[in-house]
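Bear in mind that the values here come from a model prediction, so they are computed numbers and not experimental data.
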Amino acid sequence: MDRQSDVAPVRAFWEELSLPGLVDAHVHFLPPNIQRAVWAVFDSAGPKIGREWPIRYRQSHEERVELLRAMGVRRFSTLPYAHKPGVAAYLNDWSRDFATTGPEVIWSATFFPEDGVAAYVGELVAAGVELFKLHLQVGEFHLDDPLLDEVWGQLEDADVPVLVHAGSGPVGNDFTGPGSMQRLLERHPRLSIIVAHMGAPEVERFLELAEQYERVRLDTTMCFTDFFGVDYPDRLLPRLVDLQPKILLGTDFPTIPYSYVHQLEALARLDLGDDWLRAVCWENGAALFGATRAKGAAPEAHWLT
Ligand SMILES: [Zn+2]
């Protein structure tokens, strides 16, 4: 693949907006064995995917980090997520080491409703973890699972954001949809939650949660692109303007079937204005995660591969 054809249009996009670059809240870097397993699911268009999904960015980790840097993505997450009990600790150890790659990496972790979860979440929070990721469709649990009771109080107090794939896309199950997030926020209204994919397909219900709760934000991941199977209703667009400070650029890099710039073009053609684009693509993410990693948040690798 010609790298310059990826890099040049992305840089042109943020340069035209006079931005210093981009902050991407929704990027995945997973341990190689897990990454292969996830991609196999996408390649087979398995039941959790439901359609053909040709992944564009299959380079090595190093090449993908270099590509993000070259495109001017100044901060990006890594978003591990667990599909069963007992694997979060492994994913978190790997992710913590990966975060030593450079200050662009938003140190990410995950958790699962399981024994000991409050202990390892507490340890990560104390160590300076910057973001958690949960995936309800893959993990098959509810946010208000009693095993997580203690965790939510910790995260609410620490104000560490949790990015949640909660919407019923691409294929819903008993655990997806806004129900468990609604119940959780009633009990913990100050939680910092980022709703992945704008909550698609339940975009209006999740939009309401972002309007109602001070620290609920939406990420744009795959929304508004030609590939995405959900049409965002035009009538909701004015409310996205009102929510300008709470919308974050997300892309799902590298597991996307189109060029990175397509997500940016998809946002631009909404025609919500350059100020909106500047807020979404840079300012909001920089305000939440920092334009560079906070000094205290530098992880110490404890097992390097
Ligand atoms: Zn994702």
Run the salt bridge (Lys or Arg N to Asp or Glu O under 4.0 Å) check on Arg11 and Asp6 step by step: do they pass? CA-CA 9 Å; Arg11 296 190 71 91; Asp6 279 299; over 6 Å; no
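- Residues satisfying the ring-ring contact (aromatic ring centres under 6.0 Å, His included) test with His135, not counting sequence neighbours, are Tyr81, His165.
- Nearest approach of Thr176 to Ser168, heavy atoms of both residues: OG1-OG, 2.9 Å.
- Atoms CG and CD, on Leu185 and Glu214 in that order, are 12.0 Å from each other to the nearest 0.5 Å.
- Interatomic distance, OG1 of Thr220 versus CG of Leu248, reported as 8.0 Å (0.5 Å rounding).
- Val216 approaches Leu209 most closely through the heavy-atom pair CB-O, 3.8 Å.
- Here salt bridge (Lys or Arg N to Asp or Glu O under 4.0 Å) pairs that include residues 71-81, with residues two or more places apart or in two chains, are Arg75-Glu130.
- Side-chain contact check for Pro54 versus Phe42: every heavy-atom pair is 4.5 Å or farther apart.
- For Glu114, the side-chain hydrogen bond (donor to acceptor under 3.5 Å, both in side chains) partners at least two apart in sequence or on another chain are Tyr120.
- One N or O on the side chain of Ser108 and one on the backbone of Ile106 form a donor-acceptor pair closer than 3.5 Å.
- Every residue meeting the side chain to side chain contact (heavy atoms under 4.5 Å, CB included) condition with Arg36, not counting sequence neighbours, appears here in chain and number order: Pro32, Asn33.
- Under a 3.5 Å cut-off, the side chain of Trp14 and the backbone N or O of Met71 do form a donor-acceptor pair.
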For the pair Leu272 and Leu277, evaluate side chain to side chain contact (heavy atoms under 4.5 Å, CB included) and give the outcome as yes or no after the intermediate values. CA-CA 8 Å; Leu272 302 181; Leu277 288 175; over 6 Å; no
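- Taking the side-chain hydrogen bond (donor to acceptor under 3.5 Å, both in side chains) definition, one finds that Ser95 meets it with Thr78, sequence neighbours left out.
- Under the side-chain hydrogen bond (donor to acceptor under 3.5 Å, both in side chains) criterion, Arg187 pairs with Asp149, not counting sequence neighbours.
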For a side chain to side chain contact (heavy atoms under 4.5 Å, CB included) check, start with the C-alpha distance between Leu143 and Trp152, then their side-chain angles and the critical distance, and finish with the verdict. CA-CA 9 Å; Leu143 289 174; Trp152 295 120; 3.9 Å; yes
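- For the side chain to side chain contact (heavy atoms under 4.5 Å, CB included) test with Val164, the passing option among Ile194, Leu184, Leu136, Val195 is Leu136; the others fail.
- Nearest heavy-atom pair, Asn173 versus Glu140, reported as atom, atom and distance to 0.1 Å: ND2-OE2, 3.8 Å.
- Taking the side chain as every heavy atom from C-beta outward, Leu249 and Val23 never approach each other to under 4.5 Å.
- Met181 and Phe175 fall into different hydrophobic clusters, defined by Ile, Leu, Val, Met, Phe, Trp and Tyr side-chain heavy atoms under 4.5 Å apart, directly or through other members.
- With ring centers used as reference points, Trp39 lies 6.0 Å or more from Tyr57.
- Residue Ser77 comes nearest to Leu131 through the heavy atom pair CB-CD2, 3.7 Å, listed as atom of the first residue, atom of the second, then distance.
- The side-chain hydrogen bond (donor to acceptor under 3.5 Å, both in side chains) test applied to Glu156 returns His188, not counting sequence neighbours.
- Rounding to the nearest 0.5 Å places CG of Leu237 at 8.0 Å from CH2 of Trp276.
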Step-by-step side chain to side chain contact (heavy atoms under 4.5 Å, CB included) determination, Leu264 to Cys281: CA-CA 8 Å; Leu264 305 173; Cys281 296; 4.3 Å; yes
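- Nearest heavy-atom pair, Phe132 versus Thr110, reported as atom, atom and distance to 0.1 Å: CD2-N, 3.9 Å.
- Using a 4.5 Å heavy-atom cutoff, the side chains of Val125 and Gln154 are not in contact.
- Here the side chain of Glu104 pairs no donor or acceptor atom with the backbone of Val73 at under 3.5 angstrom.
- Listed for the Asn284 side chain is a donor-acceptor partner under 3.5 Å among the backbone atoms of Ile247.
- Put simply, CD on Gln35 and OG on Ser60 are 11.5 Å apart, with the number rounded to the nearest 0.5 Å.
- Rounding to the nearest 0.5 Å places CZ of Phe206 at 9.5 Å from CD1 of Ile193.
- In this structure, Trp94 has its ring center at least 6.0 angstrom away from the ring center of Tyr90.
- Counting only residues at least two apart or in different chains, salt bridge (Lys or Arg N to Asp or Glu O under 4.0 Å) contacts with residues 242-255 are absent.
- Of the N and O atoms on the side chains of Glu186 and Gln182, at least one donor lies less than 3.5 Å from an acceptor on the other residue.
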Please step through salt bridge (Lys or Arg N to Asp or Glu O under 4.0 Å) for the pair Arg205 and Glu202, ending with a clear verdict. CA-CA 6 Å; Arg205 290 283 307 281; Glu202 294 98 340; over 6 Å; no
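- Geometrically, Arg293 does not engage Trp107 in a cation-pi contact defined by less than 6.0 Å to the ring centre and at most 45° from the axis.
- Glu63 meets the salt bridge (charged side-chain N to carboxylate O under 4.0 Å, His left out) test with no other residue; sequence neighbours excluded.
- A salt bridge does not link Arg190 with Asp159: none of the charged nitrogens is closer than 4.0 Å to a carboxylate oxygen.
- Aromatic ring centres of Phe76 and Phe29 lie closer together than 6.0 Å.
- Each of Leu155 and Leu147 belongs to its own hydrophobic cluster when Ile, Leu, Val, Met, Phe, Trp and Tyr are linked at side-chain heavy-atom distances under 4.5 angstrom.
- At least one donor-acceptor pair under 3.5 Å links the side chain of Asp219 to the backbone N or O of His197.
- Judged as a ring pair (Phe, Tyr, Trp, His ring centres under 6.0 Å), the pairs with a partner in residues 211-252 (not counting sequence neighbours) are, in order, Trp53-Phe227, Phe224-Tyr232.
- Atom OG1 of Thr101 sits about 7.5 Å away from atom CZ of Arg69, to the nearest 0.5 Å.
- The shortest distance between side-chain heavy atoms of Leu68 and Phe253 falls below 4.5 Å.
- Under a hydrophobic-cluster definition in which Ile, Leu, Val, Met, Phe, Trp and Tyr are linked whenever side-chain heavy atoms come within less than 4.5 Å, directly or via other members, Val171 and Val230 are assigned to different clusters.
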Test Thr251 against Asp24 for side-chain hydrogen bond (donor to acceptor under 3.5 Å, both in side chains), laying out the working first. CA-CA 7 Å; Thr251 62; Asp24 189 340; 2.5 Å; yes
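- Not one N or O on the side chain of Arg56 forms a donor-acceptor pair closer than 3.5 Å with the backbone of Pro257.
- Shortest non-hydrogen contact noted between Leu163 and Ala196 is CD2-CB, 3.7 Å.
- Applying the salt bridge (Lys or Arg N to Asp or Glu O under 4.0 Å) definition to pairs two or more places apart or across chains, those involving residues 261-277 are Asp226-Arg269, Asp275-Arg278.
- With sequence neighbours left out, Phe112 forms a ring-ring contact (aromatic ring centres under 6.0 Å, His included) with Phe141.
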